Amino acid sequence: MTRAPQDICAAQRLRYEVFVTELGGDGPLVDHTARLECDNFDAHADHILLLDKARPQDDQVVGVYRVMTAEMAQAAGGFYCETEYDLTPLYQSGKRLLELGRSCLHPDYRGGAGMLHLWQALAGYVEARQIAVLFGVASFHGTDAQALSDALSLLYHKHLAPAGLRVTAKGPTAVPMNIQPLETIDRIAAVRGIPALIKAYLRLGGKVAPDAFVDHAFNTVDICLILEKDAIDGLQRAILAKGGASG
């Protein structure tokens, strides 16, 4: 867990390799010369870094999470999600909020224990700060929402957030996720089209906002995921179960 400038720089370097080089994203503060994926929120957030100390000294960061409490967001001028979503329902809930963002893993560490280690750190962070609601945007690659209609529609029909936490996308690139009725969805295609991180959040009990947001700069279609206390408890149970299985 860090706010040290050199550590944030290391996180930004991994984010550049994943979000810019691998996925084709960009942004106004992305430093292509230094190969750093930066924005205005980094200096106000906490950064969870996963390190592999068997790697060279300058290349040990293999996973990252950026997390922001409401207090941090106030200092930053708002949560990152507020650039895409109206978060009024979350504020009005009166619950302690934590925004999750910029999560990624080095390609060599996907599909294994890497995400579990990040979640373990996240669970401890949540417990220490008595967080009641986790939220953040998660992304589909590409900007053609219609091509994702099966996946987006399935998420809408099966995983819609409760009315009291149902934030809405804003701006001209907001897209309703209820693109087609449940009975016309190709469910096999839909499930295959949902990124692994989103599936993982859904397994924990995560819910989605009713709208998506097309982020042309980042070359993504974003959805807003919301995890309440039960999902947070599920996160901790998943960590314990995995730990038991491996131990």
Side-chain angles (χ1 to χ4, degrees), residues 1-5 7-8 11-12 15 19 27-29 37-50 63-104 118-139 159-171 174 197-198 200-202 204-213 215 218 220 222-236 239:
M1 184 68 61
T2 183
R3 281 194 177 189
D7 293 331
I8 295 175
Q12 292 167 339
R15 283 162 31 184
F19 296 131
L29 295 183
E37 192 278 301
C38 319
D39 68 16
N40 288 322
F41 298 90
D42 283 331
H44 302 281
D46 281 337
H47 299 259
I48 300 174
L49 273 56
L50 174 66
V64 296
Y65 246 122
R66 183 175 74 190
V67 294
M68 292 186 70
T69 63
E71 294 78 12
M72 295 173 192
Q74 185 175 19
F79 287 109
Y80 173 83
C81 279
E82 288 182 275
T83 64
E84 302 183 3
Y85 286 85
D86 179 355
L87 301 183
T88 299
L90 296 185
Y91 284 120
Q92 291 179 340
S93 74
K95 298 179 179 181
R96 288 190 60 80
L97 306 175
L98 185 71
E99 181 183 57
L100 310 179
R102 291 301 196 269
S103 174
C104 65
L118 285 174
W119 276 2
Q120 189 169 15
L122 178 61
Y125 190 97
V126 165
E127 183 176 6
R129 289 156 182 81
Q130 298 184 309
I131 300 299
V133 176
L134 303 173
F135 69 98
V137 296
S139 302
H159 301 281
L160 189 62
L165 298 176
R166 204 171 291 170
V167 303
T168 53
K170 58 187 183 181
L197 181 60
I198 296 177
Y201 286 136
L202 297 177
L204 295 174
K207 303 297 182 181
V208 301
D211 314 306
F213 181 92
D215 187 341
F218 245 75
T220 58
D222 296 340
I223 65 169
C224 187
L225 279 156
I226 300 157
L227 295 89
E228 294 187 84
K229 184 65 167 64
D230 287 348
I232 297 169
D233 292 342
L235 169 63
Q236 293 169 328
I239 290 166

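Numbering starts at 1 and runs along the sequence shown. Note that the coordinates shown come from a computational prediction; the quantities given were computed from them, not determined experimentally.
Contact annotation: the side chain of Met1 never approaches that of Asp7 to less than 4.5 Å [non-hydrogen atoms, C-beta and beyond]. When side chains are defined from C-beta on, Val67 counts as touching Leu100, because their heavy atoms get closer than 4.5 Å. In this structure, Leu204 and Trp119 have side chains that are in contact, with non-hydrogen atoms separated by less than 4.5 Å. Contact of the Phe135 side chain with the Val167 side chain is not registered, since no non-hydrogen atoms from C-beta on lie closer than 4.5 Å. Side-chain contact between His159 and Leu225: absent, with no pair of heavy atoms (C-beta onward) separated by less than 4.5 Å. Inter-residue side-chain proximity for Ile223 and Phe213 is flagged as unmet; no heavy-atom pair is nearer than 4.5 Å.
Shortest non-hydrogen contact noted between Ala169 and Ala212 is CB-O, 3.6 Å. Residues Glu84 and Val137 come closest through the heavy atom pair OE1-CG1, 3.6 Å. Across Pro162 and Lys207, no two heavy atoms sit closer than the pair CD-CG, 4.3 Å. A pairwise comparison of heavy atoms in Gly136 and Cys81 identifies CA-SG, 3.7 Å as the closest pair.
In this view, Tyr65 satisfies the ring-ring contact (aromatic ring centres under 6.0 Å, His included) rule with no residue, not counting sequence neighbours. Arg96 is linked by a side-chain hydrogen bond (donor to acceptor under 3.5 Å, both in side chains) to nothing, counting only residues two or more places apart in sequence or in another chain.
For the side chain to side chain contact (heavy atoms under 4.5 Å, CB included) criterion with Arg66, the lone passing option out of Gln12, Arg102, Glu99, His44 is Arg102.
Distance check: Tyr201 OH to Ser103 OG gives 5.0 Å after rounding to the nearest 0.5 Å. We find the CG-CE distance between Leu97 and Met68 to be 12.0 Å, quoted to the nearest 0.5 Å. Rounding to the nearest 0.5 Å gives a distance of 11.0 Å between CG of Leu165 and CG of Leu87. In this structure, CG in Leu122 is found 11.5 Å from CG in Asp46, a value given to the nearest 0.5 Å. In this structure, CD1 on Ile198 lies 7.0 Å from OG on Ser139, to the nearest 0.5 angstrom.
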Test salt bridge (charged side-chain N to carboxylate O under 4.0 Å, His left out) on Asp86 and Arg166 and set out the steps.
CA-CA 9 Å; Asp86 179 355; Arg166 204 171 291 170; over 6 Å; no
Going through the distances and angles, do Asp42 and Glu37 end up as a side-chain contact (heavy atoms from CB on, under 4.5 Å)?
CA-CA 10 Å; Asp42 283 331; Glu37 192 278 301; 5.9 Å; no
Please report the C-alpha distance between Val126 and Leu134 in whole Å, then the side-chain angles of each, then the deciding distance to 0.1 Å, and finally whether the side-chain contact (heavy atoms from CB on, under 4.5 Å) criterion is met.
CA-CA 9 Å; Val126 165; Leu134 303 173; 3.6 Å; yes
Between Val64 and Ile48, is a side-chain contact (heavy atoms from CB on, under 4.5 Å) present by the stated rule, with each step listed?
CA-CA 6 Å; Val64 296; Ile48 300 174; over 6 Å; no
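Pairs engaging residues 80-102 under the ring-ring contact (aromatic ring centres under 6.0 Å, His included) rule: Phe41-Tyr80 [sequence neighbours left out].
Between the side chain of Glu82 and the backbone N or O of Phe79, at least one donor-acceptor pair lies under 3.5 Å. Remark: the backbone N or O of Asp222 is not paired with any side-chain donor or acceptor of Thr220 at under 3.5 angstrom.
Salt bridge absent: Asp211 and Lys170 never bring a charged side-chain N and a carboxylate O closer than 4.0 Å.
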